[in-house]
Peer 1: 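Pasting a structure below so you can have a look.
The figures that follow rest on heavy atoms only: side chains count, while hydrogens, waters and symmetry mates do not.
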Amino acid sequence: MEQINKNDIPRKLTLTLTYLFTMNILATIIAIVSFIVLRSAYPNNPNNETFALTLTNLLCYAVMTFAFLFLIDKYYQEQFSSFKKKFIYFMGLAIGGWVLNIFLNIIIEMIMQIANFTSRDTQNQEAIVETFKFPLLAIPMVVIGAPIVEETIFRGVLFNFAKNRKLPYHLNIVLAFILSSSLFGLIHVFSAYLTTGDHTELILGIPYIAAGFVLTLLYYLTGNIFVPIVMHIIQNSFSVIAIMLFELLPQEPPMKIVNLLYMTLH
């Protein structure tokens, strides 16, 4: 049985295996089956692949969300009870973290311009935006599913796992920040890098790593998983609303603004 420290998350191995199985094996099965069914039923529909991807993401995040709620329901209840007791303070931190992340993204964008690096959307961002063709399927996944699942894994599981290692000079904390932030960032771009071999995908993962750092910092300061979850929800909600509003504009907004919003969408 795992030893549980204060504010630590139980069943880390089970949660991690659930995440890896769902995001890799189950996602592949759902994507293949749904695409074959759609292609058979609607052979001339150009949106079959997008719909299959959107449905796959929604179902996978739904499976993980309900699995996590079942596996660690008492943990979530205790954490949420603690969150409610300091609601204003924790909400303030979550909003402050969101503002800090936007600031960091602006700095990163400026540095990329100075370095003559042409910023663009990652394949992950393009795929997410493409799923907004089916907003009723995409929005719950982006706004609710992703924040709960990703924060539970990268902050609740991974950060605590590294933090609880016995290392001198607080190196365990440093390791926890590095792992939680960097793996959160790389998970959003590494698949595209492996597929295309394009090294710029890794560079474009820097904004994700910056967001991971802010989310990790919030969790480290509060010990409450719902603080980074709320920041993640605010971040994705604002980006989704803004991007959907762009569709209503008579002309396209400046690309700098679009890139900034896409960089904050995780």
Side-chain angles (χ1 to χ4, degrees), residues 9-73 75-76 121-158 161 179-180 182-198 201-202 204-205 208 212 229 232-233 236 239-240 262 265-266:
I9 194 166
R11 300 183 181 180
K12 292 190 284 287
L13 179 59
T14 305
L15 293 173
T16 303
L17 292 176
T18 301
Y19 177 79
L20 293 175
F21 170 80
T22 305
M23 294 301 291
N24 293 279
I25 299 175
L26 183 60
T28 301
I29 294 172
I30 294 175
I32 293 174
V33 171
S34 59
F35 181 70
I36 291 175
V37 171
L38 287 169
R39 189 174 59 179
S40 300
Y42 308 99
N44 298 320
N45 191 334
N47 292 320
N48 281 342
E49 185 175 350
T50 300
F51 186 83
L53 173 64
T54 307
L55 182 62
T56 298
N57 285 334
L58 175 65
L59 292 177
C60 285
Y61 276 105
V63 166
M64 286 187 289
T65 299
F66 284 110
F68 285 15
L69 289 172
F70 174 77
L71 289 169
I72 54 171
D73 58 324
Y75 170 82
Y76 282 132
D121 299 337
T122 64
Q123 288 193 16
N124 177 74
Q125 291 159 340
E126 292 175 350
I128 292 177
V129 174
E130 189 72 9
T131 63
F132 292 159
K133 291 180 179 179
F134 308 99
L136 294 180
L137 299 180
I139 292 176
M141 177 267 294
V142 172
V143 175
I144 303 297
I148 292 176
V149 170
E150 292 180 359
E151 295 314 308
T152 299
I153 290 294
F154 291 99
R155 255 53 68 181
V157 173
L158 188 58
F161 174 79
L179 287 179
S180 181
S182 61
L183 290 181
F184 173 79
L186 290 174
I187 201 72
H188 290 87
V189 297
F190 197 65
S191 177
Y193 168 69
L194 290 178
T195 302
T196 64
D198 186 356
E201 282 287 335
L202 298 180
L204 292 169
Y208 288 107
I229 286 177
H232 205 148
I233 290 174
N236 283 7
S239 298
V240 167
Y262 284 13
L265 181 61
H266 308 103

Peer 1: Considering all heavy atoms of both residues, which atom of Thr152 and which atom of Ile148 are nearest to each other, and what is their separation?
Peer 2: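 What the structure gives for the nearest pair is OG1-O, 2.6 Å.
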
Peer 1: With heavy-atom distances below 4.5 Å as the criterion, would you say the side chains of Tyr61 and Glu150 are in contact?
Peer 2: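 Contact flag for Tyr61/Glu150 side chains = yes.
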
Peer 1: How far apart are the closest heavy atoms of Val189 and Gly205, and which atoms are they?
Peer 2: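 Minimum heavy-atom contact is CG1-CA, 3.8 Å.
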
Peer 1: Could you tell me the separation between the OH atom of Tyr208 and the CG atom of Leu202, rounded to the nearest 0.5 Å?
Peer 2: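 Between Tyr208 OH and Leu202 CG, I get 12.5 Å after rounding to 0.5 Å.
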
Peer 1: Quick one: pull up CG in Leu59 and CD1 in Ile29 and give me the separation to the nearest 0.5 Å.
Peer 2: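 Those atoms lie 12.5 Å apart.
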
Peer 1: Are the side chain of Asn48 and the backbone of Tyr42 linked by a donor-acceptor contact shorter than 3.5 Å?
Peer 2: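 Yes, the answer is positive, given that a donor and an acceptor are paired below the 3.5 Å cut-off.
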
Peer 1: Kindly indicate, with the supporting measurements, whether the criterion side chain to side chain contact (heavy atoms under 4.5 Å, CB included) is fulfilled by Phe154 and Ile187.
Peer 2: CA-CA 10 Å; Phe154 291 99; Ile187 201 72; 3.8 Å; yes

Peer 1: Is it the case that more than 12 heavy atoms not belonging to Phe161 sit under 6.0 Å from its CZ atom?
Peer 2: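 No, not enclosed.
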
Peer 1: Look up atom CZ in Arg11 and atom CZ in Phe68, then write down how far apart they are to the nearest 0.5 Å.
Peer 2: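 Output value for this atom pair is 12.5 Å.
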
Peer 1: Taking all heavy atoms of Ile30 and all of Ser34, pick out the closest pair and write down the distance.
Peer 2: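 Closest pair (atom of Ile30, atom of Ser34, distance): O-OG, 2.7 Å.
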
Peer 1: If I compare all heavy atoms of Arg155 with all of Ser180, which pair ends up nearest, and what's the gap?
Peer 2: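 Shortest heavy-atom contact: NH1-OG, 3.2 Å.
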
Peer 1: Taking all non-hydrogen atoms of both residues, which atom of Ala31 and which atom of Ala52 are closest, and how far apart?
Peer 2: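 So the minimum-distance heavy-atom pair works out to O-CB, 4.3 Å.
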
Peer 1: Calculate, to the nearest 0.5 Å, the distance between atoms CE and CG belonging to Met23 and Asn57 respectively.
Peer 2: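 Going from CE on Met23 over to CG on Asn57, the span is 6.5 Å.
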
Peer 1: Just verifying a value: how many Å separate Met141 CE and Thr54 OG1, rounded to the nearest 0.5 Å?
Peer 2: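 Between Met141 CE and Thr54 OG1, I get 6.5 Å after rounding to 0.5 Å.
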
Peer 1: Are Leu55 and Phe134 packed together at the side-chain level, in the sense that at least one heavy-atom pair is separated by less than 4.5 angstrom?
Peer 2: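 Counting from C-beta outward, Leu55 and Phe134 never come under 4.5 Å.
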
Peer 1: Checking Thr22 side chain against Tyr19 main chain: does a donor-acceptor pair fall under 3.5 Å?
Peer 2: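 Pair absent, no side-chain N/O of Thr22 close to backbone of Tyr19.
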
Peer 1: Would you say that Thr56 contacts Phe35 through its side chain, given a criterion of any heavy-atom pair below 4.5 Å between the two side chains?
Peer 2: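 Thr56 vs Phe35: side chains apart.
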
Peer 1: Any side-chain heavy atom of Ile153 within less than 4.5 Å of one from Leu158?
Peer 2: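 Not in contact.
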
Peer 1: Minimum heavy-atom separation for Thr18 and Thr14, please, with both atom names.
Peer 2: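 In this case the closest contact between Thr18 and Thr14 is OG1-O, 2.8 Å.
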
Peer 1: Please examine the side chains of Glu130 and Leu53, heavy atoms only from C-beta on, and report whether any two atoms are closer than 4.5 Å.
Peer 2: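 Side chain of Leu53 against side chain of Glu130, heavy atoms only: no contact under 4.5 Å found.
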
